[in-house]
Amino acid sequence: RDGALADAVGRLAEAFSKIYGEVSGGSARMWLSGSWPDAALEIEVIPPGKPPTRLESLSGGEKSVAALALVAAVAAVRPSPIYLFDEADAMLDAENCRRFAKILRILAYSGSQVLVVSLKRETLSEADRILGVTDSGGRSRVVGVDLSRYPG
Amino acid sequence: RDGALADAVGRLAEAFSKIYGEVSGGSARMWLSGSWPDAALEIEVIPPGKPPTRLESLSGGEKSVAALALVAAVAAVRPSPIYLFDEADAMLDAENCRRFAKILRILAYSGSQVLVVSLKRETLSEADRILGVTDSGGRSRVVGVDLSRYPG
Amino acid sequence: PTIREVRIRNFKSFRSLNLPLLPGITGITGPNGSGKSNLLESIAFVLGHRGRGLRAARLGNLVSRGARRAEVTLKIATRSGERTVSRGIRGSTGFYRIGGRIVPRYRAELLLRELGYRADWYTYVAQGTVTRLVEMSPRERVGIVEEIS
Amino acid sequence: PTIREVRIRNFKSFRSLNLPLLPGITGITGPNGSGKSNLLESIAFVLGHRGRGLRAARLGNLVSRGARRAEVTLKIATRSGERTVSRGIRGSTGFYRIGGRIVPRYRAELLLRELGYRADWYTYVAQGTVTRLVEMSPRERVGIVEEIS
Ligand SMILES: Nc1ncnc2c1ncn2[C@@H]1O[C@H](COP(=O)(O)OP(=O)(O)OP(=O)(O)O)[C@@H](O)[C@H]1O
Ligand SMILES: Nc1ncnc2c1ncn2[C@@H]1O[C@H](COP(=O)(O)OP(=O)(O)OP(=O)(O)O)[C@@H](O)[C@H]1O
Ligand SMILES: [Mg+2]
Ligand SMILES: [Mg+2]
């Protein structure tokens with residue numbers, strides 16, 4: 001049991017470090033402490049240009065980028081045919097929205113379908129197509145959207 | 001005890017309905033069910049153009065607007081000299097950001113100081129002044145910001 | 001496999017929708033309260049996601065106001081042809097279909113699993129939950145790895 | 001009363017800051033990780049907010065990396081003149097000052113309360129918590145009213 005876990009963590013840690021580094025320019029590590037069944041998965045994330053810090057003191061945006069890199073890392077180890085994101089970029093500034101879009105592209109590149117709900121132009125501009133959802137009197141409908149008309 | 005609670009709820013409910021209605025064009029109600037000590041505070045919120053619905057099925061943005069109206073209602077009953085908001089507009093679209101800005105103006109109008117952290121132009125453009133925060137190598141600094149140069 | 005179409009009948013704010021889907025990245029946008037999350041939830045619902053991601057205390061709350069029945073169908077293109085999987089609610093009990101015929105839940109879940117669809121935490125990041133992945137305790141995080149080992 | 005100036009020494013990512021504040025609405029913006037939340041937290045810290053809003057498991061984690069002491073001072077203009085209230089951390093124990101002189105915690109809290117500053121939930125909406133006000137159970141919500149009745 002310990003062996004299988006250690007092997008999976010090894011692969012996941014490698015993918016997490018690689019993807020977080022590629023996407024953000026910072027560095028990330030992951031390792032297993034303790035042994036089965038009291039094992040724990042430790043994570044350290046160092047945003048670009050910052051000294052190492054406790055995970056709890058990362059900012060909302062820094063945590064979001066780390067979490068999204070983790071999703072992509074798990075996906076690299078165990079791919080899924082579809083990924084659904086609902087405003088995962090809510091706390092991201094423009095630069096980090098572009099990093100999120102890179103992560104979406106990594107997921108789609110391996111053949112998966114990616115549906116991403118967003119209110120932000122930086123994220124949506126990376127999509128292959130955009131669906132608009134509207135409501136009238138409590139009933140929702142879907143229309144096609146042309147990005148060039150999208151309000152900034 | 002019941003009397004004081006019923007009185008406070010009466011004032012709060014009136015302020016909540018008035019502010020939510022003014023700011024969003026929808027309607028909101030609040031009432032006390034049960035009696036002390038098992039009393040419960042019930043809330044119903046009906047976003048503009050929608051039929052009545054359970055609170056759990058409101059959207060993220062609809063819940064945010066209701067919660068911010070609740071903050072302003074409590075403030076009307078028991079004012080504070082200062083209010084701090086940290087990206088409370090993260091899930092809001094442009095129209096609701098303007099509603100949030102109206103709520104901030106209601107708070108400031110009664111003489112309170114309001115500090116609002118935001119990444120969104122629609123919210124920031126209502127502020128009396130804007131402070132920019134930057135980081136270099138893990139050390140934060142504050143600079144004045146001119147809104148006209150603020151990236152959309 | 002790729003979901004080619006989502007057909008929704010009376011799921012939350014969607015009364016009737018036939019939505020073709022394509023591979024790659026599809027952006028979804030629109031005003032607050034328009035139904036974006038409901039659309040994602042309708043897909044997550046068929047794929048077996050439960051609980052907090054569907055924002056409903058009871059299954060019956062997923063049925064459109066005023067209707068008695070809800071059903072969401074996914075048309076999935078696979079290497080060996082097209083499969084359709086549906087999940088629905090009548091009153092407050094759920095039902096499943098494969099190719100239009102009612103089947104027990106385990107059969108529908110088995111088919112989805114065979115196609116690679118798993119209702120794992122990392123395949124649906126619900127609104128407002130993204131930082132939770134990092135805020136979990138190190139002990140809880142081991143659960144992530146157990147699923148993939 | 002109005003906070004006229006915030007003086008920070010070694011609070012999280014702020015090593016040394018003297019920031020004049022004005023009445024009305026002050027917007028604060030900047031890139032992710034620049035220190036916006038830390039700035040609000042430094043004010044909330046003096047006003048007596050604890051727990052989740054300060055994102056630190058221990059008081060000592062609020063002190064800037066590498067420093068041994070942190071202190072935040074608020075210069076508050078009141079009708080009867082100016083008062084300065086400080087809260088700080090040395091190692092992992094806290095201390096308070098009024099007008100530069102060390103005082104016990106209850107004295108500082110009393111002064112803030114007299115000026116109308118209360119560390120209530122509705123005076124500081126921390127990042128990511130806004131919808132929690134509506135998602136509370138009806139029983140929990142009664143707590144809101146108890147504070148104001
Ligand atoms: N069972 C139901 N029947 C009809 N309408 C429903 C039902 N459940 C929820 N709704 C409606 O769905 C709307 C919310 O939709 P949804 O959460 O998808 O919005 P959204 O586009 O994600 O908005 P946001 O940008 O604020 O997150 C609510 O206004 C609610 O009235
Ligand atoms: N004790 C400390 N000493 C030094 N730096 C710290 C300390 N605690 C936290 N930090 C730093 O503060 C930064 C986060 O700041 P903060 O949360 O205020 O950012 P923010 O501007 O609110 O970002 P966001 O827009 O993502 O919410 C982290 O990068 C972290 O390294
Ligand atoms: Mg939503
Ligand atoms: Mg922040």
Measuring from B:R54:CZ to C:R55:CZ, what's the distance to the nearest 0.5 Å? 11.5 Å

Within this structure, what is the CG-OG distance for the pair C:L62 and B:S57, rounded to the nearest 0.5 Å? 9.5 Å

Taking atom [atom1] as the centre, does [X] end up with more than 12 heavy-atom neighbours from other residues, nucleotides or ligands that are less than 6.0 angstrom away?
{"X": "B:R129", "atom1": "CZ", "value": "yes"}
{"X": "B:E14", "atom1": "CD", "value": "no"}
{"X": "B:K18", "atom1": "NZ", "value": "no"}
{"X": "C:R113", "atom1": "CZ", "value": "no"}

Chain B contact via C:N38 - side chain, backbone, both or neither, heavy atoms under 4.5 Å: neither

Indicate the atoms forming the closest heavy-atom contact of [X] with [Y], along with that distance.
{"X": "B:M91", "Y": "C:N32", "value": "O-ND2, 3.0 Å"}
{"X": "B:K50", "Y": "C:G33", "value": "NZ-O, 2.7 Å"}
{"X": "B:G60", "Y": "C:Q127", "value": "CA-NE2, 3.9 Å"}

Side chain, backbone, both or neither: which part of [X] has a non-hydrogen atom closer than 4.5 Å to chain C?
{"X": "B:P48", "value": "neither"}
{"X": "B:L58", "value": "backbone"}
{"X": "B:T53", "value": "both"}

Using a 3.5 Å distance criterion without hydrogens, assess whether the side chain of B:E95 forms a donor-acceptor pair with backbone atoms of C:P31. no

